Amino acid sequence: MSVLRRAAASPRSPAATVVHAEASPYGSRRLVVESDGDVTAAYLRDARDSVIGAVWVANHRKAPSSLDRPRLDAGGAPLLPESHVAHPQGREAVDVSALEVVWFEEGDGVAVLEAGDPLFVIPGWSDMGRGIPGYARDAKEQSPFAFPMEEEIAEFGPRIERAREHWKMCRADGSWAEFQQSVLGHLLQRLGPGGHYWHDVGRQLAGRNASTPPTVGVTERPARGDREFTVLSSVGMSRQRMPTVELYEDDVAPYARIELAVASTLPSQRAGSIFPWLAQYPWRSVTWFAPGDVVKWYHESRTFPLGSGDSAWEGVLLLDDPSRLAGPEAPALTGLTVQGDPVRWLWLVPITGEEHRYAKSEGSDALIRRMAQQGRSWIVS
């Protein structure tokens, strides 16, 4: 375990060169494939350039009989021993021109194919700090540097194909408009006619490239006879699954796709300015939003969109069941599915800094109970 951590902390031996590098579509992960002529290895790095996941890919000369400790001690990727590899005599260099990189739609993992055949996978659960490497086609025994691909190919094969189809769909002409209309049509049935629509709010966040997915808009559903509040909803977050859900849930489907909503009597332009902060958050920060999560505002509390200049609000609670707080009956937004997954709407309720700390210490259920006892409403006014 300790040698794995050393290799991850300083993965490049003096002679290693980068043979391929590219960022994930969301810009939050970067794949780097390196070779020194003897060994090829791959690394998954975060936005700070720290190694998150890694995997030995291949030996290119005769495998040693035991662990290649000198290379490890020098900070390089090791030659795996002959008992652990499919090619004990070493295989030819990786043909970079024949590589196909397939990022999982969540953006937290990647597969690389060589001439159409999976060569290695670094999934979202690869964690060098815990001694969990990626999976390599040419690995035959588990080690701290690679798990055998054949052990998981039944899972990875369909997942790679699903990811391929996801990105192909995202690039297809008219695909976004078709998805957008499906969500807007669903909201029309649940909330009535729309008002203003804000396009691609995620690009408004400082420093974000305009071409960085996901694309997320915000639709306004004004107050009407049977509803004294306006509902603002994101449109686009559910087009892709959120990262890291599989680390916490055995069945990803019920939790992977969300949209966010806020019910408010505030001016819509003001209330809607909460969305640029949150629209790309899961993919930018490689995390997921679950019911009951609390998220702290990234700036000064006086700038928080759902309060006044002297507001004490410093974050939001994500609530899937508004009936747990005071207020009128919430609109039922269930019934939409994307790629067979149900879409869950999470309602944004502002909280103070103290409430954020309380939820982190005592749990969100305890915070919701306390807010209910105080008569707090899920309507932002």
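All values derive from a computational prediction rather than experimental measurement.
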S.K.: Where do S24 and S28 come nearest, in terms of heavy atoms and distance?
M.R.: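 In terms of heavy atoms, the two residues are closest at OG-N, 3.4 Å.
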S.K.: If every non-hydrogen atom of W167 is compared with every non-hydrogen atom of E105, which pair is closest and at what distance?
M.R.: CZ2-CA, 4.0 Å
S.K.: Mind listing the closest non-hydrogen atom pair of P25 and P213 along with its distance?
M.R.: O-CD, 3.0 Å
S.K.: Which residues satisfy the salt bridge (charged side-chain N to carboxylate O under 4.0 Å, His left out) test with D321, sequence neighbours excluded?
M.R.: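 By the salt bridge (charged side-chain N to carboxylate O under 4.0 Å, His left out) rule, D321 matches no residue at all.
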S.K.: Strictly by modelled atom types, are E165 and Q339 linked by a side-chain donor-acceptor pair under 3.5 Å?
M.R.: no
S.K.: Identify which one of W125, Y255, W288 satisfies the side chain to side chain contact (heavy atoms under 4.5 Å, CB included) criterion when paired with E246.
M.R.: W125
S.K.: Sequence neighbours left out, cut at 3.5 Å: what donor-acceptor pairs do the side chains of residues 185-196 make with other protein atoms?
M.R.:
| residue | atom | partner | partner atom | Å |
| --- | --- | --- | --- | --- |
| H186 | NE2 | L333 | O | 2.7 |
| R190 | NE | A332 | O | 3.3 |
| R190 | NE | T334 | O | 3.2 |
| R190 | NH2 | T334 | O | 2.8 |

S.K.: Do V231 and W347 have side-chain heavy atoms sitting under 4.5 Å apart?
M.R.: yes
S.K.: Report yes or no: do Y197 and Q180 form a side-chain donor-acceptor pair below 3.5 Å?
M.R.: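 Side chains of Y197 and Q180: pair found under 3.5 Å.
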S.K.: Stepwise, does the salt bridge (Lys or Arg N to Asp or Glu O under 4.0 Å) test hold for E355 with R376?
M.R.: CA-CA 12 Å; E355 288 169 339; R376 291 272 290 280; 2.5 Å; yes
S.K.: What about V201 and L260, same hydrophobic cluster or not, with Ile/Leu/Val/Met/Phe/Trp/Tyr joined at side-chain heavy-atom distances under 4.5 Å?
M.R.: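 Yes, because V201 and L260 connect within a single hydrophobic cluster, where side-chain heavy atoms sit under 4.5 Å apart.
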S.K.: Give me the atom names and distance for the closest heavy-atom approach of G134 to P123.
M.R.: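 Heavy-atom minimum between the residues: CA-CD, 4.2 Å.
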S.K.: May I ask you to test the T287-M242 pair for a side-chain heavy-atom distance under 4.5 Å?
M.R.: no
S.K.: Tell me, do D38 and N59 make a side-chain contact under 4.5 Å, heavy atoms counted?
M.R.: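 Side chain of D38 against side chain of N59, heavy atoms only: no contact under 4.5 Å found.
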S.K.: Contact between Q280 and S285 at the side-chain level, heavy atoms closer than 4.5 Å - yes or no?
M.R.: no
S.K.: Do W56 and Y135 make the cut of ring centroids closer than 6.0 angstrom?
M.R.: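 No: the rings miss the under 6.0 Å criterion.
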S.K.: Applying side chain to side chain contact (heavy atoms under 4.5 Å, CB included) to F275 and L278, what does each step give before you reach the verdict?
M.R.: CA-CA 5 Å; F275 288 96; L278 296 170; 5.7 Å; no
S.K.: L67 vs F145, test: side chain to side chain contact (heavy atoms under 4.5 Å, CB included). Steps then yes/no.
M.R.: CA-CA 11 Å; L67 182 65; F145 313 103; 3.7 Å; yes
S.K.: Could you go through E100 and V112, starting from their C-alpha distance and side-chain angles, then the distance that decides it, and tell me whether this counts as side chain to side chain contact (heavy atoms under 4.5 Å, CB included)?
M.R.: CA-CA 6 Å; E100 177 190 3; V112 174; over 6 Å; no
S.K.: Taking atom types as modelled and ignoring hydrogens, do the side chains of W297 and T303 form a donor-acceptor contact shorter than 3.5 angstrom?
M.R.: yes
S.K.: Walk me through it: do R29 and D46 pass the test salt bridge (Lys or Arg N to Asp or Glu O under 4.0 Å)?
M.R.: CA-CA 5 Å; R29 290 285 186 263; D46 65 13; 5.1 Å; no
S.K.: Show the numbers, then the answer: is there a salt bridge (Lys or Arg N to Asp or Glu O under 4.0 Å) between D365 and R370?
M.R.: CA-CA 9 Å; D365 283 341; R370 193 175 80 169; over 6 Å; no
S.K.: If every non-hydrogen atom of R284 is compared with every non-hydrogen atom of W277, which pair is closest and at what distance?
M.R.: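 Shortest heavy-atom contact: NH2-O, 3.2 Å.
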S.K.: If you compare all heavy atoms of H60 against all heavy atoms of T40, which two are closest, and at what distance to 0.1 Å?
M.R.: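 For H60 versus T40, the nearest heavy atoms are NE2-OG1, 2.6 Å.
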S.K.: Would the number of heavy atoms belonging to other residues, nucleotides or ligands and lying under 6.0 Å from CD of Q374 be above 12?
M.R.: yes
S.K.: Is it true that S268 and R270 share a donor-acceptor pair across their side chains at a distance under 3.5 Å?
M.R.: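 There is no such pair between these side chains.
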S.K.: Carefully, step by step, assess R30 and E22 under the rule salt bridge (Lys or Arg N to Asp or Glu O under 4.0 Å).
M.R.: CA-CA 6 Å; R30 185 167 177 262; E22 69 173 74; over 6 Å; no
S.K.: Against I153, only a single residue in E151, M149, E155 fulfils side chain to side chain contact (heavy atoms under 4.5 Å, CB included); can you say which?
M.R.: M149
S.K.: Show me the pairs that pass ring-ring contact (aromatic ring centres under 6.0 Å, His included) and involve residues 71-104, at least two apart or across chains.
M.R.: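 Passing the test, one end in residues 71-104: no pairs.
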S.K.: Can S233 and E259 be counted as having a side-chain donor-acceptor contact under 3.5 angstrom?
M.R.: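 Side chains of S233 and E259: no pair found under 3.5 Å.
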